[in-house]
Amino acid sequence: MTNLRIGHGYDVHRLAEGRKLILGGVEVSWDRGLLGHSDADVLVHAVMDALTGASRLGDIGKLFPDTDPAYAGISSLKLLAEVGRLLAERGFAVVNIDATLLAQAPKIAPYRARMAENMAMALGIEPERVNVKATTEEGLGFTGDGSGMAAHAVALLEGLR
Ligand code: MG
């Protein structure tokens with residue numbers, strides 16, 4: 001039987017003034033950015049949790065504790081590359097990733113392809129294996145009123161041994 005493993009990831013960060021907005025490793029032009037210990041890239045964090053979930057590596061809080069000064073301000077793409085290395089070490093290949101950003105604004109469409117490419121590059125996989133999409137939430141809730149952003153991701157892995 002084919003050894004396929006699915007994982008789901010979810011993350012939330014608060015929006016704050018005086019921070020850069022980094023999503024999928026792309027600096028998005030906006031008047032606020034996400035607050036967090038690392039670069040607070042909510043999209044990459046959800047993707048990492050989907051991957052660690054599918055591979056039973058736990059979660060990113062366990063792998064990269066936010067109490068560790070080594071991860072202060074770090075690019076989340078670097079952490080994603082480390083997750084990719086751990087997956088390869090355990091004999092997993094990424095079949096595909098689908099990620100959804102929940103944000104009222106700004107418009108993400110112009111950046112989607114670069115976000116997917118950045119994450120694919122960090123993982124050393126083909127860009128067509130990663131999909132990024134976004135939705136507003138009709139002004140409802142914390143994503144709708146602009147106090148934060150959330151992201152969901154699913155990942156499918158194939159165990160090669
Ligand atoms: Mg996070």
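Computed from a predicted model, the values in this text were never measured in an experiment.
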Taking all non-hydrogen atoms of both residues, which atom of [X] and which atom of [Y] are closest, and how far apart?
X      : Y      : answer
Ala134 : Ile108 : CB-CB, 3.9 Å
Ile97  : Ala155 : CG1-CB, 4.1 Å
Glu117 : Pro127 : CG-CB, 4.2 Å
Ala99  : Val47  : CB-CG2, 3.9 Å
Ala120 : Val130 : CB-CG2, 3.9 Å
Thr2   : Glu158 : CG2-OE2, 3.7 Å

Qualifying ring-ring contact (aromatic ring centres under 6.0 Å, His included) pairs, either residue in residues 138-161, two or more places apart
His8-His152, Tyr10-His152
Sidechain-backbone polar pair: [X] side chain, [Y] backbone, donor-acceptor under 3.5 Å:
X      : Y      : answer
His45  : Gly9   : no
Thr100 : Lys133 : no
Ser75  : Leu77  : yes

Between [atom1] of [X] and [atom2] of [Y], what distance do you get to the nearest 0.5 Å?
X      : Y      : atom1 : atom2 : result
Thr135 : Gln104 : OG1   : CD    : 8.5 Å
Arg19  : Asp39  : CZ    : CG    : 7.5 Å
Asp59  : Asp49  : CG    : CG    : 5.5 Å
Phe64  : Leu79  : CZ    : CG    : 5.0 Å
Leu57  : Leu51  : CG    : CG    : 9.0 Å
His13  : Leu23  : NE2   : CG    : 10.5 Å

When you group the ILVMFWY residues by side-chain heavy-atom contacts below 4.5 Å and let the links chain together, are [Y] and [X] in the same group?
X      : Y      : value
Tyr71  : Val83  : yes
Met48  : Ile22  : no
Val12  : Ile60  : no
Met121 : Leu87  : no
Ile125 : Met119 : yes

Enclosure of Glu89 CD (heavy-atom neighbours >12, cutoff 6.0 Å)
yes
So with a 6.0 Å cut-off around CD of Glu17, is the heavy-atom count from everything else above 12?
no
Quick check: do [X] and [Y] have side-chain heavy atoms less than 4.5 Å from each other?
X      : Y      : value
Leu21  : Met149 : yes
Leu123 : Leu80  : yes
Ser55  : Leu157 : yes

Carefully, step by step, assess Val132 and Leu101 under the rule side chain to side chain contact (heavy atoms under 4.5 Å, CB included).
CA-CA 8 Å; Val132 173; Leu101 180 76; 5.8 Å; no
Residues in side chain to side chain contact (heavy atoms under 4.5 Å, CB included) contact with Val26, at least two apart in sequence or another chain
Val28, Tyr111, Arg114, Met115, Asn118
